[in-house]
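First comes the structure, then the notes that go with it.
Small disclaimer: the values here were computed from a predicted structure and weren't measured. Index from 1, following the sequence. For ligands, and for the atoms within them, numbers begin at 1 and follow the listed sequence.
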Amino acid sequence: MRRNIVAGNWKMNLDYEKGVSLFSEIVNMVKDEIVGDQQVVVCSPAIHLYSVAKLSTGVNNVAVGAQNIHQAESGAFTGELSATQVKSTGADYVILGHSERRAYFGETDASLVEKVDAALAHDLTPIFCIGETKEERESGKFFDVIESQLTNAVFHLNADQFSKLVLAYEPVWAIGTGLTASPEQAQEVHAFIRKTVATKYDQNVADNTSILYGGSCNPGNAKDLFSQTDIDGGLIGGASLKSRDFLDIVKVFNAK
Ligand code: PEP
């Protein structure tokens, strides 16, 4: 079901104690300050998952996610985590296809197909990231890039399976750079994504897909971005490491 979602991506930041403490602050602020039914998701490093998932138990609106999984069920894959293992911590979400994983860890559409399938098989909601590089934007090919990322990594799903995904449009040139897509640029791509989903499945599936924007989103620009028709929230990197900034982004939906 389409929902307003603000998801934090802590990336490889925070030691165990600092992560648990930041998460506690977030949970307490969410309890006091959030009205409405927006979903808050914190995607922490694996070391925090079990503890933060425990802290979120029984807290409406707050869930926990991982930042990656391996596609296999178990086995000799040193250093990796399976969907079953992530799910056993109490996490409900997993970021898949983040541009940093595509760029630094060789993640491909083919491996993402398997990861998406593994996540869904274990009841983890993928937050599936797509987006173009600076060169692809400048060459005007960004619609093609986005269409091919969808076609090659998630359009093998049937409509029921696809309905369980959350999509995140993250222009690579905006991630961690302080350069944000303008609300108009982001809306243009979000509308394109929704139209592409409608063409593949149907309008109902498209209308029920949550599509988040990610890329240097902060308390100063979130309102203009989230007020666009096809933007249902954000995937937040840097600003999710400060409880006040993260909550101010979440609170954009209080006024809606
Ligand atoms: C991200 O890593 O998904 C992200 C959007 O990062 P930032 O907000 O720091 O640009």
Side-chain angles (χ1 to χ4, degrees), residues 4-14 18-19 22-23 26 38-46 48-49 63-69 91 93-105 107 112 115-116 119 124-134 136-137 142 145-146 149-150 153-154 165-183 185-187 189-190 193 210-226 228 230-253:
N4 292 326
I5 301 172
V6 176
N9 175 12
W10 287 358
K11 311 195 186 193
M12 196 174 71
N13 291 298
L14 305 172
K18 289 197 178 103
L22 173 60
F23 190 83
I26 290 170
Q38 63 267 40
Q39 175 77 63
V40 176
V41 183
V42 172
C43 297
S44 74
H48 304 109
L49 284 177
V64 167
Q67 299 171 14
N68 180 38
I69 49 168
Y93 287 79
V94 61
I95 297 173
L96 289 178
H98 192 281
S99 60
E100 287 154 15
R101 294 216 53 91
R102 292 178 194 255
Y104 308 143
F105 301 99
E107 217 153 72
L112 287 168
K115 289 184 183 212
V116 166
L124 285 172
T125 301
I127 300 176
F128 188 78
C129 303
I130 51 181
E132 79 283 2
T133 62
K134 186 163 173 277
E136 290 162 344
R137 165 129 314 241
F142 51 102
V145 169
I146 283 155
Q149 288 170 335
L150 288 168
V154 290
L165 299 189
V166 171
L167 298 180
Y169 168 55
E170 297 213 302
V172 180
W173 48 273
I175 296 180
T177 58
L179 291 175
T180 314
S182 68
Q185 282 175 319
Q187 166 57 26
V189 177
H190 281 234
I193 294 169
S210 298
I211 310 176
L212 315 184
Y213 167 79
S216 300
C217 190
N218 61 46
N221 58 31
K223 188 161 179 266
D224 286 344
L225 286 160
F226 297 177
Q228 300 298 312
D230 289 296
I231 302 186
D232 304 306
L235 180 54
I236 318 295
S240 72
L241 295 169
K242 294 187 190 133
S243 57
R244 190 64 269 166
D245 284 0
F246 186 59
L247 263 293
D248 283 347
I249 295 171
V250 177
K251 276 171 65 182
V252 165
F253 288 118

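- The aromatic rings of Tyr169 and His190 sit perpendicular to each other, their planes meeting at more than 60°, with 30° as the lower class boundary.
- Residues passing the salt bridge (charged side-chain N to carboxylate O under 4.0 Å, His left out) test with Lys242: none are found, sequence neighbours excluded.
- Taking Asp248 as the reference, Arg244 meet the side-chain hydrogen bond (donor to acceptor under 3.5 Å, both in side chains) condition, with sequence neighbours excluded.
- Gln149 meets the side-chain hydrogen bond (donor to acceptor under 3.5 Å, both in side chains) test with no other residue; sequence neighbours excluded.
- Across Ile127, Leu235, Leu150, a single residue satisfies side-chain contact (heavy atoms from CB on, under 4.5 Å) together with Leu167, and that is Leu150.
- Ion pairing between Arg102 and Glu107 fails under the 4.0 Å rule for side-chain N and carboxylate O.
- Residues of the protein with a heavy atom under 4.0 Å from ligand 1 are Asn9, Lys11, His98, Glu170, Ala174, Ile175, Gly176, Gly214, Gly215, Ser216, Leu235, Ile236, Gly237, Gly238, listed by chain and number.
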